[in-house]
Amino acid sequence: MEEEEYQKMIKRCVRCSVCKWIPQVQIKSQKYASGCPAIDIYNFHPYSGGGKIIIALAYEMGRIKPTEELRDIVYKCTACGNCAVACKYMNTLEPLEIIMKLREKLVNTGCGPMPQQQAYIEAVKKVNNPYNEPHEKRTDWIPDDVTLDPNAKILYFVGCTSSYRRKEMAIATARIMNEAGVSFNILQNDEFCCGSPILRIGDTTTFEEILNKNLDIIESRGIETVVFSCAGCYDTFKVDYPLSRKFDFEVKHTVELFDELIESEQLKLTDNVPIIVTYHDPCHLGRNAERYEDWDGDVVPLMPLVSINIPPKPKRTGSKGIYDAPRKILKKIPGLKLLEMERIQEYAYCCGAGAGVKSAFPEMALKTANMRIEEAEDSGADFLVSACPFCSTNLQDGINDKKSKLKYFDISEILLMALGLEPEKLKQATAEVL
Amino acid sequence: MLKEEILKEFQKIVGDENIDDGEVTTNTYAYNWCVEFVNYLANKDPIPFSSIPKAIILPSTTEEVQKIVQLCNKYDIQFKAQSTGLGPWNQPSTDNCVILDLRRMNKIVKIDVKNLYVVVEPYVSGAQIQVEVMKFGLNIHMPGAGPMASALASHTSMCGPGFTSPQTGHSARNVLGTEWVLPTGKILRLGSLGLKKESDWYSGDGPGPSLRGIMRGWVGTKSGLGVFTRVAMKLFPYPCNTKYIAKGHSPLYDFHLPDFIRAYLLDCRNFKHLEKSLLRIEEEEIAFICSHMSSFAVMAIFSYSLESLMDKIAIGSMKKPLVIVIAARTKREFDYKQKVMNLIMDELNLTNIIGSKYEPKSLFYAECLRANLGYHGFIATGGFQSAKGQCDTAALCLNTERKNIPLKQKYIEKGVIANDFGEGAWMTSYESGHYFHMEVPTLFDQTNAESVKGIAEYMEESNQMDLVKHLGTPFFIEGDELHDEWGPHLMNYHIWLRKIKETFDPNGISDPGFYISSKKGDV
Ligand SMILES: Cc1cc2nc3c(=O)[nH]c(=O)nc-3n(C[C@H](O)[C@H](O)[C@H](O)COP(=O)(O)OP(=O)(O)OC[C@H]3O[C@@H](n4cnc5c(N)ncnc54)[C@H](O)[C@@H]3O)c2cc1C
Ligand code: SF4
Ligand code: SF4
């Protein structure tokens, strides 16, 4: 967000609290009416999206100083974007973008980020991943039976979390592409952090360096399509990179690719997977994965105090997230039953891990995950499925903490079962619930 | 900030994590919608921040509220209660005030399907109650502020008209048993809840003590007379079947219309014709919504962005629009209501524009049922506030609306409020035309100093006009200065109001900023 727009917008919050809830017309029960993990956990108004807009204004007016109190509140937020969807149902504010800009300002004054987050920035600078793992171990996940094609025009950008923490997702993705006959390659030791965790805590300078490094490498390889199994990397490449630097290659999340491969029958779902699942929409694959559209119109004064945009300026409302592809995949799996949670798609509740929360405020991440797990349990499903390694880690932590009977799988793992490539896993999974 | 020892005492009541006197939190609570022009009217800097509260406290039970209030009395600190907290009425009027944010009191205590009431705590929104009572085919009254607002705050403390008022009335009329922490810290239970034996929530006025007039009167005491911790409110039959499915994506959800619901948009020729139409339709007791509004406002309630508002110029040229929604639970009921509407339209020479010249999006019906139409007021300029707020006969409401047009036009010509031709108004009947409400929503730009000044001066002049021309009492007569001005014209009610304040709040602890202070010796 440009500074000028920021300065104007922070004066416009009407303190209606709509951003604390999911869109009003979507509320189905008292229990699952809320939409903002930060306010749900910390309760004081400044934790909400609208509250942070007021903070931004108070900060600009010099009413509050860059203190630890301020930093704590501004960073106890998963940048999930529910507030932005709820506000823009009718209003026009961008609470999430304001939060991001506020974080950038705190970083620039030295007040932000949180110490744990600063530590992972240093790790990315040193070893190219926020987990401080050795760079040379990045490709350790690759099993012998996976085929890579050095001349492929499709690149699988694995991402730090799948490379080091959720290897099962990387393996499943590679196997599915092999099964479908899709020739692809990975960047091997030239793959670095996408920069998402750094951007979301407001270090835009380091982020710029990272995005340029990544784009230089990918563009130098003549790649036509980059595929991501990580929602965070996908969102960062798709939505955030083009704001700084445009590129020509196509970006796809694996759910989009798999859906196409099933549609074109390159993938044949042969095996019965008789389980009941519910699907969690990752914020970075859902509402936040909506690109900014270029707008080159005019602001035309209509009457005193009222100006309109001609043509209308596209508003990011969360409506263009990737919602259908994962559901189409799940619905095509023989024997599988999909039950929806109450809060889905652009008004899905966050898993709780994003934007540096998992590292700086693990208790907030866990509480949020627990609330989401409860909702998944209430859906009547036995399995929770999603499409993001970060959601995967946090939701599984929630399942363990809550001692929930739910089982978690990434959608790619379920797909492997349906393809007959994981008979043992399928047997195990179904034995426990049937 | 609070003194260390006082902070510790509050912490003992609610726990360390539920009180915050830090700079960031207290400043955030100092901000609210419309505070800038309230400041201007009080000769203060027209910024959107009020006095900074000393601390924010989050109690979770009535007992905690009671202890906090007792402590406030002990240390002579004022308190302000807020539920969902929208609007300047939530702001402390002095630097010596703590805010009780009742967010953690969020339970639906009881739904009594047989006796048609629901008991709730402060932080349960209208939408939350509605979806739970819908499971029993029931509905609640929500104020025009919308489904995100606290139902308890509206019922006990603040105004109360809503779009469904023809069927669901006014918040003040729907209050049953009430649990009230008085400014002294004593707990008072009203209506059947106050019975010594077999107390329950079913009635507000007895058996048991009825103090509804004192407790909230018509516009509410706005936290000037203690804290309401639980209230029972009336339930109504949900107007149609309760399948409520909105598919697609925000904002233009595709609402699956329930079986028997229909909207009418009628254009009356002039005020007389409008009055007759309103009275006739309401006489038949068929409307779920029966609202008159300006053509500009009609465009707004059908729009989801400023640009799409401009697409609706076709309906922008209406003279005196009337929006009616009828809904029914059976086909027979629906046929009957439609037949009656047809007969009235023939009788009054009215045509339904919906279906002929204009078709609203299905989402319009979802918003009617969920009481979400008021929020459209923000579409044009991002800021609005209403003048007037009369509650009276249709004739007086319309007379007030008519007389206000030239005044509003004066400010439109100055360029300080948006141009709705001076006609911007919202009027609804209550309880099938038993009486009426009219307010004049006015659009301004809260980021523009001239506009802030403009709306403030316009509101002030509008109040003066109501007083001098005998147009009834506007709803925002609040605080000592205005009460002292209006009281002598209205049977010296302000003297009695002060007496109430003094009796219930001898130490002046419940922030009187939007109510009245006792000003000892005046009575
Ligand atoms: C778009 C829009 C349309 C509106 N239309 C209408 C309308 O049609 N009808 C209408 O009535 N109002 C309307 N309003 C004004 C509206 O009533 C107030 O903004 C709304 O009631 C604030 O509600 P809240 O639930 O957030 O309550 P709060 O803001 O929490 O409370 C409102 C007042 O009650 C006091 N209070 C709250 N809880 C308690 C408690 N437990 N004990 C003691 N005092 C308490 C507060 O101090 C405050 O003074 C509208 C506002 C907007 C923005
Ligand atoms: S950010 Fe938007 S939704 Fe939230 S309080 Fe402000 S105006 Fe309302
Ligand atoms: S981004 Fe998510 S957690 Fe942060 S304020 Fe908005 S809704 Fe709350």
Side-chain angles (χ1 to χ4, degrees), chain A residues 8 11-18 20-21 23-30 33 39 42-46 51 54-55 57-58 61 63-65 67 69-70 73 85-86 88-93 287 302-313 315 317-321 323 345-347, chain B residues 18 20 22-25 27-29 31-33 47-49 56 58 84-86 101 103-104 108 124-125 127-129 131-132 146-148 246 249-251 253 255 304-307 310 363 366-367 370 372 375-376 378-383 415-419 443-448 451:
Chain A
K8 277 192 196 153
K11 296 184 183 134
R12 304 204 79 100
C13 174
V14 291
R15 216 264 186 219
C16 62
S17 290
V18 159
K20 291 172 183 163
W21 311 95
Q24 295 298 312
V25 295
Q26 285 298 356
I27 291 174
K28 299 172 186 74
S29 72
Q30 185 198 12
I39 192 77
Y42 298 107
N43 285 311
F44 292 100
H45 186 68
I54 303 172
I55 292 179
L57 177 62
M61 288 171 75
R63 296 174 66 93
I64 55 177
K65 292 173 285 305
T67 54
E69 181 201 358
L70 175 62
I73 295 174
V85 169
K88 284 183 285 180
Y89 170 76
M90 191 87 76
N91 214 323
T92 51
L93 306 193
R287 56 183 160 242
L302 200 67
M303 58 171 93
L305 310 179
V306 183
S307 302
I308 58 167
N309 299 318
I310 297 182
K313 198 173 180 178
K315 185 156 96 165
T317 57
S319 63
K320 297 196 185 95
Y323 307 117
Q345 302 182 350
E346 74 277 9
Y347 56 96
Chain B
N18 292 312
D20 193 339
E23 177 187 77
V24 180
T25 297
N27 262 282
T28 308
Y29 278 86
Y31 177 100
N32 220 317
W33 171 57
I47 54 169
F49 291 86
I56 314 303
L58 300 169
T84 32
L86 166 63
D101 179 343
R103 192 183 144 79
R104 292 173 69 228
I108 296 181
V124 190
S125 75
Q128 285 183 303
I129 303 173
V131 289
E132 295 303 331
M148 73 293 189
H249 300 290
S250 178
Y253 290 111
F255 183 60
Y304 296 88
S305 66
L306 181 56
E307 286 77 17
M310 291 307 144
L363 187 54
E367 293 200 317
R370 189 136 294 174
N372 204 41
Y375 206 90
H376 291 248
F378 288 118
I379 284 181
T381 57
V416 292
I417 56 176
N419 187 359
L443 310 178
F444 74 107
D445 180 350
Q446 68 269 46
T447 67
N448 174 323
S451 183

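Just so it is clear: chains get the letters A, B, ... in the order the sequence lines come, proteins before strands, and each one is counted from 1. FYI, side chains are in, hydrogens and waters are out, and symmetry mates aren't considered; it's all heavy atoms of this structure. For clarity, every value in this text was computed on a predicted model and none was experimentally measured.
With chain A as the partner, the residue from B/Val124, B/Leu363, B/Thr25, B/Ile417 showing the most heavy-atom pairs under 4.5 Å is B/Thr25. The choice from B/Ile379, B/Asn18, B/Asp20, B/Leu443 that makes the most heavy-atom pairs within less than 4.5 Å of chain A is B/Asp20. Between chain A and the options B/Pro48, B/Gly383, B/Gly146, B/Ser125, heavy-atom pairs under 4.5 Å are most frequent for B/Ser125. In terms of heavy-atom pairs under 4.5 angstrom with chain A, the leader among B/Phe378, B/Tyr375, B/Phe255, B/Phe444 is B/Tyr375.
In this structure, A/Lys8 has no side chain to side chain donor-acceptor pair (under 3.5 Å) partners at least two apart in sequence or on a different chain. In this structure B/Glu367 satisfies the side chain to side chain donor-acceptor pair (under 3.5 Å) test together with A/Tyr89, B/Tyr304, B/Asn372, B/His376, sequence neighbours excluded.
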Could you please spell out the steps behind the side chain to side chain contact (heavy atoms under 4.5 Å, CB included) verdict for B/His249 and A/Thr317? CA-CA 8 Å; B/His249 300 290; A/Thr317 57; over 6 Å; no
Step by step, work out the side chain to side chain contact (heavy atoms under 4.5 Å, CB included) result for B/Asp445 and A/Arg12. CA-CA 9 Å; B/Asp445 180 350; A/Arg12 304 204 79 100; 3.4 Å; yes
For B/Ser250 and A/Lys88: C-alpha separation, side-chain torsions, deciding distance, then whether side chain to side chain contact (heavy atoms under 4.5 Å, CB included) applies. CA-CA 8 Å; B/Ser250 178; A/Lys88 284 183 285 180; over 6 Å; no
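Both the backbone and the side chain of A/Lys65 come within less than 4.5 Å of a heavy atom in chain B. Looking at B/Glu132, the atoms closer than 4.5 Å to chain A (heavy atoms on both sides) all sit in the side chain, from C-beta outward. Only the side chain of B/Tyr253 comes within contact range of chain A, with heavy atoms under 4.5 Å apart. Both the backbone and the side chain of B/Ile56 come within less than 4.5 Å of a heavy atom in chain A.
Contact annotation: the side chain of A/Arg63 approaches that of B/Ile47 to within less than 4.5 Å [non-hydrogen atoms, C-beta and beyond].
Residues A/Gln24 and B/Ala127 share a closest heavy-atom pair of OE1-CB, 3.5 Å.
Interatomic distance, CG of B/Asp101 versus NE2 of A/His45, reported as 9.0 Å (0.5 Å rounding).
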